[in-house]
Amino acid sequence: QVQLVESGGGLVQAGDSLRLSCSASGGTFSMYAKGWFRQAPGKEREFVAYMSWTGADTDYSDSVEGRFTISRDNAKNTVYLQMNSLKPEDTAVYYCAASRSPSLGPGGRTLATGYDYWGQGTQVTVSS
């Protein structure tokens, strides 16, 4: 069983940067596909970023492409989400997730149902 704990959220101004961290314990986290999702008030949880277990395959939603970067540190069992040029519409609770599969296809990686483990979320608020 894998436990995921996010950190790094906060209140920032538009144009600022934040780096979210997701620390894992238990299981073989380094061998799992990993993702970041977010959920704004009144909206469904949406895909943000994905990384295969090797790190060779990454994917991003159109809304964050070019601004956000997913990365990992296997030695620390941690996955990161670097968020630059933040916008008010990025305001949401951000969740990290892991799939027992080492990689997910182009469709499956964007669906919450493709992931088996979830963190509790961290709030990101971007003021205008």
Q) Would Lys76 and Ser23 satisfy side chain to side chain contact (heavy atoms under 4.5 Å, CB included), going step by step from the backbone distance to the final call? A) CA-CA 8 Å; Lys76 295 182 178 180; Ser23 297; over 6 Å; no
Looking at [Y], is its backbone amide N or carbonyl O close enough to the side chain of [X] to form a donor-acceptor pair, meaning the two atoms are under 3.5 Å apart?
X	Y	result
Ser99	Ala33	no
Lys87	Ser85	no
Arg72	Thr54	yes
Thr122	Ser7	no
Ser128	Pro88	no
Glu6	Gly121	yes
Gln39	Ala92	no

Q | side chain to side chain contact (heavy atoms under 4.5 Å, CB included) between Asp16 and Val126, worked out | A | CA-CA 8 Å; Asp16 285 351; Val126 185; over 6 Å; no
**Q.** Derivation of the side chain to side chain contact (heavy atoms under 4.5 Å, CB included) call for Val124 and Arg38
**A.** CA-CA 9 Å; Val124 173; Arg38 66 187 183 187; over 6 Å; no
So which heavy atom on [X] is nearest to which on [Y], and how close?
X	Y	answer
Phe29	Ala98	CE1-CB, 3.9 Å
Leu86	Leu18	CD1-N, 3.9 Å
Trp118	Ala112	CZ2-O, 3.4 Å

May I ask whether [X] and [Y] are part of the same hydrophobic cluster, defined by side-chain heavy atoms of I, L, V, M, F, W, Y residues being less than 4.5 angstrom apart, directly or through others?
X	Y	value
Met51	Leu20	yes
Tyr50	Tyr117	no
Val64	Tyr94	yes
Leu81	Val12	yes
Val48	Leu4	yes

Q) Can you pull the ring-ring contact (aromatic ring centres under 6.0 Å, His included) pairs that have at least one residue in residues 53-80, sequence neighbours excluded? A)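 Non-adjacent pairs meeting ring-ring contact (aromatic ring centres under 6.0 Å, His included): zero.
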So do [Y] and [X] actually touch side chain to side chain, heavy atoms under 4.5 Å?
X	Y	value
Met83	Trp36	no
Ser127	Gln13	yes
Gln82	Ser17	yes

(Q) Working note: Leu104 + Asp59, criterion side chain to side chain contact (heavy atoms under 4.5 Å, CB included); need CA distance, chi angles, decisive distance, verdict. (A) CA-CA 11 Å; Leu104 297 172; Asp59 200 359; over 6 Å; no
